[in-house]
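This one's a predicted model, so the numbers in the text were calculated from it and none came from an experiment. Chain letters run A, B, ... following the sequence lines, proteins first and then strands; every chain starts at 1.
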2 protein chains.
Amino acid sequence: MAVTIKDVARAAGVSAATVTRALSNPEVVRPSTRDRVKEIAASLGYHPNRAARGLITGRTGNLGLLVPDLGNPFFPSIVKGVQARAHEADHAVFLADTDEDPAAEAGLVRKLAKQVDGVLLCSPRMAEAELRDLAAEVPVVLLYRRIPGVPSVTAEFLDGMRQAVSHLVALGHRRVAYVAGPRSSWANRERLRSLRTVAKGKVQLVETGNVAPQFEGGVSVADRVLAEQVTAVIAYNDLVALGLLHRFAARGVDVPGDISVLGFDDIPLSAMVHPALTTVALPKELAGQAGVDLLLRRQHKERRELPTQLMVRGSTGPA
Amino acid sequence: MAVTIKDVARAAGVSAATVTRALSNPEVVRPSTRDRVKEIAASLGYHPNRAARGLITGRTGNLGLLVPDLGNPFFPSIVKGVQARAHEADHAVFLADTDEDPAAEAGLVRKLAKQVDGVLLCSPRMAEAELRDLAAEVPVVLLYRRIPGVPSVTAEFLDGMRQAVSHLVALGHRRVAYVAGPRSSWANRERLRSLRTVAKGKVQLVETGNVAPQFEGGVSVADRVLAEQVTAVIAYNDLVALGLLHRFAARGVDVPGDISVLGFDDIPLSAMVHPALTTVALPKELAGQAGVDLLLRRQHKERRELPTQLMVRGSTGPA
DNA sequence: TTAGCGCATGAAAACCTTTACAGATCATGG
DNA sequence: CCATGATCTGTAAAGGTTTTCATGCGCTAA
């Protein structure tokens with residue numbers, strides 16, 4: 001059926017040990033033998049059985065990636081980055097989508113744990129204690145979340161918010177609404193904290209409550225935002241901002257004439273709508289790549305904080 | 001380190017064989033023994049090493065999923081469906097994104113082949129011969145592509161196109177542009193064929209050439225569409241349609257007042273823009289699920305063709 | 001010439017699980 | 001009390017790879 005190392009060994013007239021050496025430790029085998037083995041292996045289409053290899057080396061060559069919702073375009077971008085980088089490093093990627101169900105996450109990770117060398121976790125809502133337990137069981141790198149002692153990749157939220165607020169201030173906005181995301185989300189807490197810090201003394205902040213981090217969340221809160229008499233609104237993320245835009249358009253509210261809208265994430269979609277969404281771009285593919293690097297280099301203490309970038313588009317204008 | 005079957009066996013005072021039987025073949029072991037083993041296994045946190053199991057059973061409990069571009073929101077939806085269904089069946093999912101590079105696909109699949117029980121292939125562009133070879137090496141189910149002899153999940157393109165054209169005809173459109181996707185894509189050929197069939201005698205079809213199946217493709221062809229003096233345009237997919245909408249908006253062309261726009265796929269995004277996009281909805285998560293079912297042989301059919309549904313939204317109106 | 005060394009290779013053990021087969025235990029009927 | 005059969009459990013092999021250790025060989029230096 002499948003071609004095994006023995007088939008190659010027999011065809012090359014050497015032992016299995018020599019085959020494995022020729023392929024994964026080439027310098028220890030005589031060049032003539034090595035070349036012959038390699039050639040025969042290639043012609044037979046031999047690839048080592050990774051399960052068997054993993055059994056003895058303890059390393060699987062796989063890694064796991066957990067995301068809360070592929071429906072949010074933020075995450076496919078991360079997946080792309082992880083995927084690409086992992087393949088460069090000759091690793092395969094297990095993907096799990098938890099469908100925004102934090103309860104299921106830990107279980108999923110534990111099931112994957114045996115089959116992977118490490119796990120990348122996009123888990124804004126999982127309890128911190130749970131996360132810490134997990135990190136003790138299997139190498140973990142957190143994506144867009146920070147917990148002391150656990151390696152992580154995040155972005156400079158504070159700087160991003162500063163860019164956003166400066167932009168609005170420059171346009172003359174003095175009273176700005178913030179539509180928050182899920183209260184339990186780390187990213188939400190972080191964004192809110194950053195925003196409060198940078199808003200202090202510069203703009204008056206109106207918090208309009210928490211919504212689901214989705215398009216519908218933005219739609220549902222849009223009318224409340226309008227009632228607040230603000231000249232600009234910052235949304236938890238782009239999806240929520242798009243929900244706002246949608247409802248504003250439906251009500252005939254002009255953006256940015258009547259109100260400016262600012263998002264967070266810079267999902268591809270944001271450049272496609274009209275008016276295009278001004279937003280704080282977070283590195284996504286880059287974050288995925290950085291996460292893989294952290295995981296595979298096993299620098300367990302390390303942490304990376306990537307730069308953010310305000311993307312000024314059509315949805316913001318003078319107050 | 002990790003807890004193995006021997007640890008459980010020792011703790012329970014039985015042999016490894018009894019442990020494995022107690023857990024995966026419970027009826028053949030005496031109830032009292034079975035319960036004790038199960039209890040101890042649970043308390044030790046024992047999970048069988050899937051690699052080792054796979055080595056002997058020949059089944060891995062994993063499956064592979066290949067998509068051309070996660071950046072196209074069509075595919076994350078499929079991934080979600082696959083993922084959810086696979087987990088229900090206690091299988092894990094390897095994901096590979098080929099970044100629209102058909103050349104890389106076959107290699108990726110072959111590398112994965114040893115680690116999976118089967119592969120789901122979203123591969124609109126791979127050469128048919130290559131695909132057939134692959135299907136001979138590892139169980140394959142094709143998603144949104146059909147090749148004789150290979151199990152596949154597709155949708156009723158013809159019926160979808162019929163719904164779309166009937167809708168336009170009812171609105172009084174008689175001259176309709178079609179923006180085609182990549183010439184090498186199966187879906188493109190299929191859509192074009194269906195469209196020609198249903199358009200015959202009902203509307204005059206203007207084909208405006210092939211574009212990349214992305215937002216930019218739509219943007220780049222929008223002006224050419226306008227020059228054709230049509231009252232409606234059908235795009236290869238939603239992303240292209242959104243590109244059209246974007247460019248139309250920038251040029252001050254009113255949709256649907258000046259021209260109606262119709263997409264294909266129904267990606268989540270299409271309902272979020274303004275005007276919302278009228279489009280032919282293809283089952284995505286459902287297709288993923290059906291694919292998994294086919295692969296795991298929970299279903300004995302070789303092929304499934306899922307229904308499509310025209311979603312009438314704001315981008316189409318009277319001619 | 002031979003001891004000694006380095007190098008290339010092979011044999012065998014190990015990784016963890018499942019399963020075919022054999023052995024052990026026990027109850028039952030004769 | 002023994003033979004028989006049923007039920008339960010243990011032994012050992014198998015699966016494909018990597019790695020440790022040992023072997024054999026040719027060569028150099030004494």
Has A:Thr57 got a side-chain N or O lying under 4.0 Å from the OP1 or OP2 atom of D:dT18?
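Negative; the distance criterion is not met.
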Any chance CD of A:Glu39 has more than 12 other-residue heavy atoms, nucleotides or ligands included, within less than 6.0 Å?
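No, not enclosed.
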Counting neighbours of CZ on A:Arg146 that are heavy atoms of other residues, nucleotides or ligands and sit closer than 6.0 Å, is the number greater than 12?
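Buried by this count: over 12 neighbours within 6.0 Å.
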Would you call [X] and [Y] a salt bridge, taking side-chain N to carboxylate O under 4.0 Å as the test?
{"X": "A:Arg297", "Y": "A:Glu302", "value": "no"}
{"X": "A:Glu88", "Y": "A:Arg85", "value": "yes"}
{"X": "A:Arg125", "Y": "A:Glu105", "value": "no"}
{"X": "A:Arg10", "Y": "A:Asp7", "value": "yes"}
{"X": "A:Glu156", "Y": "A:Arg304", "value": "no"}

At a cut-off of 3.5 Å, list every protein nitrogen or oxygen paired with a nitrogen or oxygen from nucleotides 4-13 of chain D, distance to 0.1 Å.
residue: D:dT9; atom: OP1; partner: B:Arg30; partner atom: NH2; Å: 3.4
residue: D:dT9; atom: OP1; partner: B:Thr33; partner atom: OG1; Å: 2.5
residue: D:dT9; atom: OP2; partner: B:Arg30; partner atom: N; Å: 3.1
residue: D:dG10; atom: OP2; partner: B:Ser15; partner atom: N; Å: 2.9
residue: D:dG10; atom: OP2; partner: B:Ser15; partner atom: OG; Å: 3.1
residue: D:dG10; atom: OP2; partner: B:Thr18; partner atom: OG1; Å: 2.6
residue: D:dG10; atom: N7; partner: B:Arg21; partner atom: NH2; Å: 2.7
residue: D:dG10; atom: O6; partner: B:Arg21; partner atom: NH1; Å: 3.0

Could you tell me how far apart [X] ([atom1]) and [N] ([atom2]) are, to the nearest whole angstrom?
{"X": "B:Arg53", "N": "D:dT17", "atom1": "CZ", "atom2": "P", "value": "21 Å"}
{"X": "A:Arg50", "N": "C:dC16", "atom1": "CZ", "atom2": "P", "value": "19 Å"}
{"X": "A:Asn49", "N": "D:dG16", "atom1": "CG", "atom2": "C1'", "value": "6 Å"}

Inter-end axis angle, the helix from C:dT1-D:dA30 to C:dG30-D:dC1, with every axis fitted to five base pairs (rounded, 10 degrees)
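Both end axes considered, the difference amounts to 60°.
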Is a side-chain N or O of A:Asp117 found less than 3.5 angstrom from the main chain of A:Leu63, in a donor-acceptor match?
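The answer is no, because no donor-acceptor pair under 3.5 Å joins these two groups.
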